[in-house]
Every structure is written in C-alpha cells, then in structure tokens.
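Since the structure comes first, as structure tokens, the remarks are kept for the end.
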Amino acid sequence: MRLWENYIRNVEPYVPGEQPHGEKIIKLNTNENPYPPAPGVLKALKEMNWEEFRKYPDPSANLLVDALADYYGLGKDQIFVGVGSDDVLGMAFLTFFNSGKPILFPDVTYSFYPVWAGLFGIPYETPVLDEEFGIRIQDYKRENGGIVIANPNAPTGLCLPLEQVEELVRANEDVVVIVDEAYIDFGGESARSLIGRYENLLVVQTFSKSRSMAGMRIGYAMGSPKLITALNHVKYSYNSYTMNQPSIILGTEALKDKEYFKSRVEAIVNTRERAKRRFGELGFSCTDSYTNFLFVTHEHIPAKELFEALRREQIYVRYFGAPRLKDYLRVTIGTEEDMEAMYHFLESY
Ligand SMILES: *Cc1c(COP(=O)(O)O)cnc(C)c1O
C-alpha cells in the first residue's frame, strides 16, 4: 500500500434509492412526483436557445432568485438557490456548523444528515424519537452546535406543528436551526413565516417532490440576509456555477403556474388519504403522513419479505432495514393506477 492511500478522505456515502429502468415498472421508492411538471416548463424547454448552453450561467441565478422572492413575498437577499436541496443542505452544514459542538438531529430522519456531518467532520448527537416516532422538542433544549430537522420528517411522514418549530428555534437562538421542508407542500405549515423574526432560522425546500422536477436538481433556502450572505460566500469559494442555465429558466417557469401546482398536489394528497384507508383494510398500520409517501407496517408479514415480493412484481418501494425501521416500508404515493396495481398484488399476496 502506497502512502497516498492513507490520505484518502474516508467517508461513508449516502445510499440513494434504486433507479430501475423498464416499461412495466411501478416506481414508488424515491418519493418522486408521478405527474409531469407544469406544461409551461416543457414548452420553455422546447423553445430553449442554444445560447443558453454555450455561455456560462448567471452565477447568482438572479432570474430564479427573483421569481422565488416574488412567489413567497420575501426579499432577494433572503433566498439562496442550489443544485437540489441536497446541495443547499450540504452547503449549509459547511457554512454554519463550525463550533466544534455536536449538532442535533433525530435518530430517525433523512439519512444524508450523518453523511454530511461525517464528510465535514462535524460532531453530532441523535436524540431518539418517541414511541410514536414523534420529535420531542425538549431534547433540543441543551447546549449544541446547531440543529437540523426535516419537517415533515422522513421516512415517518409526521409533522411538527408550527408552534413547536418556533419553540425549538426560540430555545436555540445561539445556533443555526435548519428546517428541511422537502415535503411541506403536501401538508403542515411552513416555518417560512418565522424567518423575519429569527435570524438563525434557515428553511430549505425543493422542486424535486411537489414540483415534479427531481431531474432538474433545484433547491432553495430562505432565511435572514446574514445567513444567505454567508451561504453565498461559501458557494463562491467552492463553485460559482452550481445552477445550470436550463434549471434556472425551467425552475422560474414552474413557479408561474400556481393552478397546475395546486391541482397536482391535491391529486397526490387525495391518493394518499385513500391509500391510508386501503392499507388499513389490507392489515397495515401507517403513520399520519403529511407527505407524498406512507410509512407502513403489516400486522403479520415482515417488511423485508413484502419488499422482496413486491420487487419481484416490478413494484419498487423503499426498505431501510435499520434497527428501528426494519418492520416498515416507505411507499411513495404514485398515480391512482399505480397504487391500484400495488393494492391488487398485496391483496393476492
Ligand atoms: C428528497 C429529500 C431531499 C433532497 O431533495 P433534492 O432532490 O436534493 O432537492 C432533502 N431532504 C429530504 C428530507 C428529502 O426527502
């Protein structure tokens, strides 16, 4: 073994869900939106000029930042954009969690948090969720180097009410609190309304789920100008051109069609509420999800067995297998037809 091999950064990478290909596949494993993006997005894509590819993109992604500021009634200096919310979250870890004290996030949550902490050498502690998978905010009222929670949480689907998020932020005004709202459009109340009052609060959202644009990689953060400036300084110290020009243009386009957005989110929420009942009839129990997925467990059949049986039928759901999650499956809400095909198989199984 050569010496250089000792100096390779040793990291435990995040494992994304499978991306199987094929005609008959029913894909309910990575929380993608089953519907197309807004019609205006596809139109703008077709009309895109090659000039958009030849030149470097606008490093400040002004068009999209402006559109988001307008959309939410915020200032441009309160918005940061990145290559999916993963990029935004990673950048936020790098920017804000430098005290050397452990940051806090729940034991069951988005499994990328411990990966970024590992990559950047940030110590962390993981307060356990209660028996019903709820976040106990009293666990976050102790000395720490920062806090990150997903709200609604993944893979549980549960949501903290806004008052509790505020209580958590108020109890931690000496550190940055990140609220990852990847699923907020499907239920629950955004903490965005609090950013004017708490300079330490960063709210992160994405176009990947509710806007059907996971493939375009668009995420954003909303927070005080101090936080946004700090994020931009770190971004410009690493890669000025994180957002490609088509993403900037198409993301901006997506925000214009509020009607379409509302109707697609409604369709998914309706399918989800029906899915809660159907799973119940099939002997499953599920958490009260506010997202575009359900976290389900069957009264008799082990989750792993069901995962494998579904997979043989080309129906892909997510199985984590971690100690606290081994009895559960996470099932993305698809179209009514996809869901019917799944219920049909589960019934016969
Ligand atoms: C999907 C997801 C993300 C990342 O989404 P991007 O596609 O990178 O925007 C972040 N946090 C949670 C909790 C998610 O489920």
Side-chain angles (χ1 to χ4, degrees), residues 13-19 27-34 37 61 64 68 79-94 103 105-117 119 126 129 133 135 147-160 165 177-188 190-192 202-222 231 235 239 242-244 247-248 250-251 254-255 265 268 272 287 289-295 317-318 320 322 325 328-334:
Y14 174 74
V15 185
E18 250 180 297
Q19 290 293 359
K27 193 170 176 305
L28 306 174
N29 69 333
T30 54
N31 298 346
E32 287 141 340
N33 193 313
L64 182 59
L68 283 164
I79 309 254
F80 175 82
V81 296
V83 187
S85 52
D86 284 342
D87 178 47
V88 174
L89 288 161
M91 205 74 81
F93 272 53
L94 185 59
I103 62 165
F105 51 83
D107 64 336
V108 175
T109 189
Y110 188 36
S111 51
F112 223 134
Y113 303 154
V115 175
W116 287 310
L119 175 64
T126 55
L129 297 181
F133 291 112
I135 292 176
I147 291 171
V148 53
I149 58 163
N151 200 46
N153 198 9
T156 66
L158 297 174
C159 193
L160 278 181
V165 175
V177 176
I178 300 175
V179 183
D180 176 357
E181 294 187 339
Y183 299 102
I184 198 72
D185 294 325
F186 300 108
S190 173
R192 183 179 59 247
L202 192 76
V203 176
V204 178
Q205 296 187 5
T206 177
F207 282 54
S208 297
K209 277 90 186 212
S210 58
R211 294 191 184 274
S212 307
M213 292 174 81
M216 289 311 295
R217 314 303 303 127
I218 306 170
Y220 53 104
M222 299 171 279
L231 279 169
K235 176 192 122 165
N239 175 6
T242 52
M243 301 282 297
N244 66 65
S247 292
I248 295 171
L250 300 178
L255 291 170
V265 166
I268 290 169
R272 177 188 74 202
T287 54
S289 170
Y290 283 71
T291 62
N292 69 338
F293 59 83
L294 291 184
F295 191 51
V317 300
R318 192 88 192 256
F320 294 97
L325 308 179
Y328 287 82
L329 296 173
R330 191 195 69 189
V331 182
T332 304
I333 303 301

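Note that this is a predicted model, so its numbers are computed, not measured. Whatever order the structure lists ligands and atoms in, that order sets their numbers, starting from 1. Quick note: residue numbers are just sequence positions, from 1.
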Go through the side-chain N and O atoms of [X] and [Y] and say whether any donor and acceptor fall under 3.5 Å apart.
{"X": "Thr30", "Y": "Lys27", "result": "yes"}
{"X": "Asp180", "Y": "Tyr113", "result": "yes"}
{"X": "Asn239", "Y": "Thr242", "result": "no"}

Any idea which protein heavy atom is nearest [atom], and the distance to it?
{"atom": "atom 14 (C) of ligand 1", "value": "Lys209 NZ, 3.0 Å"}
{"atom": "atom 12 (C) of ligand 1", "value": "Asp180 OD2, 3.4 Å"}
{"atom": "atom 8 (O) of ligand 1", "value": "Arg217 NH2, 2.7 Å"}
{"atom": "atom 5 (O) of ligand 1", "value": "Ser85 OG, 3.2 Å"}

Please report whether ligand 1 has a polar contact with Asn31, defined as an N or O pair separated by less than 3.5 Å (distance criterion only).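 For ligand 1, there is no N or O atom that lies under 3.5 Å from one belonging to Asn31.
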
**Request:** Give the contacting part of Asp86 toward ligand 1: side chain, backbone, both or neither, where contact means a heavy-atom distance below 4.0 Å.
**Result:**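 It is both backbone and side chain that touch ligand 1.
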
Ligand 1 contact on Tyr183 by region, counting heavy-atom pairs under 4.0 Å |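 Tyr183 to ligand 1: side-chain contact only, backbone stays beyond 4.0 Å.
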
Next item on the list: Compare every heavy atom of Glu18 with every heavy atom of Asn29, then report the nearest pair and how far apart it is.
Entry: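 Result for this residue pair: ND2-O, 2.9 Å.
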
Can you see which heavy atom on Thr287 is nearest to which on Thr156, and at what distance?
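Nearest heavy atoms, Thr287 then Thr156: OG1-O, 2.5 Å.
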
Problem set entry | Atom OH of Tyr290 with >12 non-hydrogen neighbours under 6.0 angstrom |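 Open.
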
| task | Could you list the atoms of ligand 1 found under 4.0 angstrom from a heavy atom of Ala182? | result |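 Counting atoms of ligand 1 from 1, those under 4.0 Å from Ala182 are 2 (C), 11 (N), 12 (C), 14 (C).
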
Of all the atoms in ligand 1, which lie at a distance below 4.0 Å from a heavy atom belonging to Gly84?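 Atoms satisfying the 4.0 Å criterion: 8 (O), 9 (O).
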
> For atom 7 (O) of ligand 1, which candidate among Gly219, Pro152, Ser208 holds the nearest heavy atom?
Replying inline: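 Comparing heavy atoms across Gly219, Pro152, Ser208, the nearest one to atom 7 (O) of ligand 1 lies in Ser208.
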
Main-chain N/O of Ser208 paired with Asn33 side-chain donor or acceptor, under 3.5 Å: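 Not confirmed, Asn33 side chain does not pair with Ser208 backbone.
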
